[in-house]
Amino acid sequence: MSGGGCSIVWFRRDLRVEDNPALAAGVRAGAVVAVFVWAPEEEGHYYPGRVSRWWLKQSLAHLDSSLRSLGTSLVTKRSTDSVSTLLEVVKSTGATQLLFNHLYDPLSLVRDHRAKEILTAQGITVRSFNADLLYEPWDVNDAQGRPFTTFDTFWERCLSMPFDPEAPLLPPKRIVSGDVSRCPSVTLVFEDESEKGSNALLARAWSPGWSNADRALTTFINGPLIEYSMNRRKADSATTSFLSPHLHFGEVSVRKVFHLVRIKQVLWANEGNKAGEESVNLFIKSIGLREYSRYLSFNHPYTHERPLLGHLKFFPWAVDEGYFKAWRQGRTGYPLVDAGMRELWAAGWLHDRIRVVVASFFVKVLQLPWRWGMKYFWDTLLDADLESDALGWQYITGTLPDSREFDRIDNPQFEGYKFDPNGEYVRRWLPELARLPTEWIHHPWNAPESVLQAAGIELGSNYPLPIVGIDAAKVRLEEALSEMWQQEAASRAAIENGTEEGLGDSSESAPIAFPEDILMEENHEPVRNNPPATNRRYEDQMVPSMTSSFLRIEDEETSSDVRNSTGDGRAEVPRDVNVNQEPRRDALNQGFVQTVRNNTALSQFNILRGLTNVEDSTAESSSSSRRERDGGIVPVWSPPTSSYSEQFVGDDSGIGATSSYLQRHPQSHQIINWRRLSQTG
DNA sequence: TCTATTTTATG
DNA sequence: ATAAAATAG
């Protein structure tokens, strides 16, 4: 063992000193060098958005000051290759081991595996730990030892595991610092000048950093938690935990959340407080969804870019940049949707219910490709999280076995009265509707002219008419579905005739490019009620390139509407928003020509394909995973070696529903079978 | 108390 | 959409 040696503790999305198994192991073993490597280029398309980078910056500063008070500091490095940077850190500090906590997104799985291989080959001990989940994904299986494919079954199993989640660890009392005299920190740049103004507002609403996360947790547990079951779906009040960004960056451990919340539950159960007990169940269910997102990502590493069920493979998604823009700007004509999109832009945060509303509207009413929406969330959310967002969008889109029905359209008007019965939420974020009576606030298009006039609203002018009618959307959805079956039938026939061999991979070979519009829109036309004829594409879309999101972020900062609205999701109604001020998010990029190419997506695909041939055994990982905290020797950790994606959409077969996965979920094909019968029959 | 009707929840 | 739960009669 490395008694007395120096350990590198590699911080990533575990920016805390409390309940941090990697840090604890390092402290136990001797001296510690804490390192953070900023290598955003490694994230490919998923270069973090402006607000997310703002959070990271604050959180790292917070961690550094905590580490300093304990006797060391955080070494920060800029890199385009984390693994080789780690190797340099090891060499320059004379460290003998590398410690880190697990991540489950596909890029981290590959990168961390590589880190283990390369450093181990250099004679470095590499150990990794579970710090992000109640249970490691490979520990949660059904009676046949297979991974679950629905959330309910998964979560039921988690809650009845034969062993409890690990109890949280206390922070170290003191850290002996390794020798970093030859390993200088580099000052990391997370925001440019143009971003600082917008970011300044964020600090009013949010306090990143692990001890603030801890405080937020306590506040929630002692406050809103007990009434969570009653209040959790109110779009407008501070009744949720507001922990999501803290959890994303690992500032607070889910195990600690789980334990503290469970203690409350026992307490309330003893008092006979049924509502309180139920509140805890509902709250930990949302923790469970976060767990499940990692579980899915681990078992099916394509979750963030490909539908898990292939039954919508031939759905003709609308490739309509006008719709997309109207949605982003909150000018769809549906107040609840628009309020949500304005809040997202201004505050970087949305209530879970509102995320569902705007995403559902995006996919079902506008019929835009879900990955565009997911990418926009990625760019704008403070708690942007690849696994959670992929789960959310796939759930909404209907590509999970336990998704919503695909052909069910939710009406934002009715949802408005459900989640925002008094219209307060709409009035806060859509000041142009502030004077409209509650009776009409969620459907202004029905309001009598006199009411509109009294409220100072001119539909189509200072607030849009609905961009698409719900009935029209239903008709369009029907048409799109029948088109989908024709395409599917044609594809089937072609394959049977042998005309098209080994194709059916169209989602990879011809993705729908991300719209250039988001980069260089410069026409300030108001959104028309009758949009131009909509393009349809059969392929699933491709995620925008890292470059595009980066550029867009820069110029978004010039947007004047941001400065005028409040940065606080819980703030008062912004009085100073100029109604006529159109968001000008993309003004600077008018000359920019997008250079998105498919090859990034493909090379990432190939990396993952290669991974399936890696030698490590899953069994080995699972057997030892539970003893990691005891300092047991940790085997090289890697995803399952068997073809872990074949259960879902076949790489080559798409709708070819012979996979065991679909056999286990026959209802997933319900729409298709029923419709095809009514069509061809 | 039982049944019809309305509301709510749905990962 | 649909089923379960709450409420009205």
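Just so it is clear, the model here is predicted, and its values are computed rather than measured. Excluded from the calculations below are hydrogen atoms, water molecules and symmetry mates; all remaining heavy atoms, backbone and side chain alike, are included. Chain A is the first sequence line, chain B the second, and so forth, proteins listed ahead of strands; every chain is numbered from 1.
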Given atom [atom1] of [X] and atom [atom2] of [N], what is their separation to the nearest angstrom?
{"X": "A:Arg232", "N": "B:dT8", "atom1": "CZ", "atom2": "P", "answer": "13 Å"}
{"X": "A:Tyr228", "N": "B:dA9", "atom1": "OH", "atom2": "P", "answer": "13 Å"}
{"X": "A:Leu282", "N": "B:dA9", "atom1": "CG", "atom2": "P", "answer": "9 Å"}
{"X": "A:Phe406", "N": "C:dT2", "atom1": "CZ", "atom2": "C1'", "answer": "19 Å"}
{"X": "A:Asn231", "N": "B:dA9", "atom1": "CG", "atom2": "P", "answer": "12 Å"}
{"X": "A:Tyr395", "N": "B:dG11", "atom1": "OH", "atom2": "P", "answer": "6 Å"}
{"X": "A:Lys364", "N": "B:dT10", "atom1": "NZ", "atom2": "C1'", "answer": "12 Å"}
{"X": "A:Glu405", "N": "C:dA3", "atom1": "CD", "atom2": "P", "answer": "11 Å"}

Is the NZ or CZ atom of A:Arg328 both under 6.0 Å from the centre of the six-membered ring of A:Phe324 and within 45° of that ring's axis?
yes
Kindly say whether the aromatic ring centers of A:Phe163 and A:Tyr135 come within a distance under 6.0 Å.
yes
With sugar-phosphate meaning primed atoms plus P, OP1 and OP2, does [X] contact a base, only sugar-phosphate, or nothing at under 4.0 Å between heavy atoms?
{"X": "A:Gly288", "result": "nothing"}
{"X": "A:Asp352", "result": "base"}
{"X": "A:Leu391", "result": "base"}

Going by an N to O cut-off under 4.0 Å, is there a salt bridge joining A:Asp379 and A:Lys375?
yes
Can you find a side chain N or O atom of A:Arg233 that sits less than 4.0 Å from OP1 or OP2 on B:dA9?
yes
Given B:dT8, is OP1 or OP2 found less than 4.0 Å from the side-chain N or O atoms of A:Lys418?
no
Answer yes or no: is there a donor N or O on one side and an acceptor on the other, between the side chain of A:Tyr417 and the main chain of A:Glu439, under 3.5 Å?
yes
